[in-house]
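These notes are about the structure you will find just below.
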Amino acid sequence: MYNEGMLRDNALKGKTILVTGGGTGLGRAMSKYFLQLGANVIIASRKLPVIEQAAKELQEEAGGTVLGLSCDVRIYDEVEKMVNAGIEKFGKIDVLVNNAAGNFVSPTERLSHRAIDTVVDIVLRGSYNCTLALGKKWIAEKQKGAVLSIVTTYAWTGSGYVVPSAMAKAGVLAMTRSLAAEWGRNGIRLNAIAPGPFPTEGAFSRLFPAEVAKMMDPKTKIPLGRYGELQELANLAAYLVSDFSSYVNGDVVTIDGGEWLYGGGEFNMFSHIPKEMWDMLEEAIRSTNKKSKE
Ligand code: COA
């Protein structure tokens, strides 16, 4: 059931949606579903041949019209060019999905300052560049708009070994909430999704390299005991960019099977205690209680 599309046919008809990093991984899955729901989609990434190929494949798989554009979201001029090219093709852009990201695991003291810049620039600068370029247009032309940013649960808990990403995603979440308050009056909504582990080639090869995956299974931290399916994320994203969520503004929706709360609850690791052991533990606890009463 959760592998199926959720919204009704043509739920996004008439909308043009720009998805940064839309050629691969989560961005591609969201783009595909937006197309199936009748939207025009613009996908952008740094490598033109890759994005053109992805645009062609997406159009074949899902129908609709896809425009593939090359853009380094870190560079404001390139972002403006991308936005203008999209408007030239489709007449307007209604929705921005800040999905492009860069990340890899590393002890922070091993990173060069340039490595930190690289991740922060792609994630934070890239997201505010795109949001600013489109927001200026929407406000100047009195057009409604929606921005959906893909963040992460460690945007608010923080996380070791991905510190540049944590700093940048926290900034994207702060931008989402701040601009939701400021631009709401202009008919512009900003929301975010915080996904837990959704296996995609790009993220998993950098976050759970094969050697690490052998040592620790990320699934053991997920109460629901499984990874997310791409369609589940696409369903949530489609809802948040559609007019069905017109009154949702400034929020972040977590979709992680309960993973981050599991990590935070002091006794949640007790789920590793085998059933048989609970009889023994109960007896030990009860006898301590009894002794303290005597
Ligand atoms: N450990 C430590 N430093 C690393 C590193 C690693 N695994 N990978 C890259 N760096 C450093 C580089 O050495 C360089 O620093 P230096 O100039 O001091 O040597 C800096 O980071 C930039 O690397 P470079 O390869 O030039 O950057 P890039 O812009 O081509 O690549 C990345 C960006 C590193 C984020 C790359 O992983 C990427 O393009 N990812 C995109 C997709 C992605 O990350 N998806 C997952 C999202 S969850």
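Fair warning: this is a prediction, and the values are worked out from it, not measured in the lab. When a ligand or atom number is given, it counts from 1 through the structure's own listing order.
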Report task. Could you name the option among Lys169, Arg74, Lys47, Arg46 that has the heavy atom nearest to atom 38 (C) of ligand 1? Result ->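 Comparing heavy atoms across Lys169, Arg74, Lys47, Arg46, the nearest one to atom 38 (C) of ligand 1 lies in Arg46.
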Query raised in the report: Quick one: which of Arg206, Glu201, Arg114, Arg110 has a heavy atom closest to atom 17 (O) of ligand 1?
Result: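 The residue whose heavy atom sits nearest atom 17 (O) of ligand 1 is Arg114.
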Polar side chain donor-acceptor pair, [X] to [Y], under 3.5 angstrom:
X	Y	value
Asn84	Lys137	yes
Ser245	Arg189	yes
Ser271	Tyr262	yes
Asn98	Thr131	yes

What is the closest protein heavy atom to [atom], and at what distance does it sit?
atom	value
atom 44 (O) of ligand 1	Asn103 N, 3.1 Å
atom 35 (C) of ligand 1	Gly102 CA, 3.7 Å
atom 46 (C) of ligand 1	Ala203 CA, 3.8 Å
atom 23 (O) of ligand 1	Thr118 OG1, 4.4 Å
atom 34 (C) of ligand 1	Phe104 CE2, 3.6 Å

Is the shortest distance from [atom] to a protein heavy atom below 4.0 Å?
atom	result
atom 42 (C) of ligand 1	yes
atom 25 (O) of ligand 1	no
atom 12 (C) of ligand 1	no

Query - Interfacing atoms of ligand 1 (cut-off 4.0 Å, heavy-atom, Leu111) - result: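 Under 4.0 Å from Leu111, ligand 1 has these atoms: 2 (C).
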Query raised in the report: At a 4.0 Å threshold, what atoms of ligand 1 neighbour a non-hydrogen atom of Ser112?
Result: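 Once the distances to Ser112 are compared, the set is 15 (O), 16 (P), 18 (O).
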Requested in this report: Hey, can you tell me if Tyr227 and Phe204 have their rings parallel, tilted or perpendicular (30° and 60° cut-offs)?
Outcome: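 Perpendicular, since the angle between the ring planes exceeds 60°.
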**Report entry** Side-chain (Asn191) to main-chain (Gly250) donor-acceptor, under 3.5 angstrom
**Finding:**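 Yes, the answer is positive, given that a donor and an acceptor are paired below the 3.5 Å cut-off.
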Query raised in the report: Between Trp138 and Trp183, does the ring centroid distance fall short of 6.0 Å?
Result: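 Trp138 vs Trp183: aromatic centres not under 6.0 Å.
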Requested in this report: Decide if atom CZ of Arg226 counts as having more than 12 heavy atoms of other residues, nucleotides or ligands within a radius under 6.0 Å.
Outcome: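 Buried by this count: over 12 neighbours within 6.0 Å.
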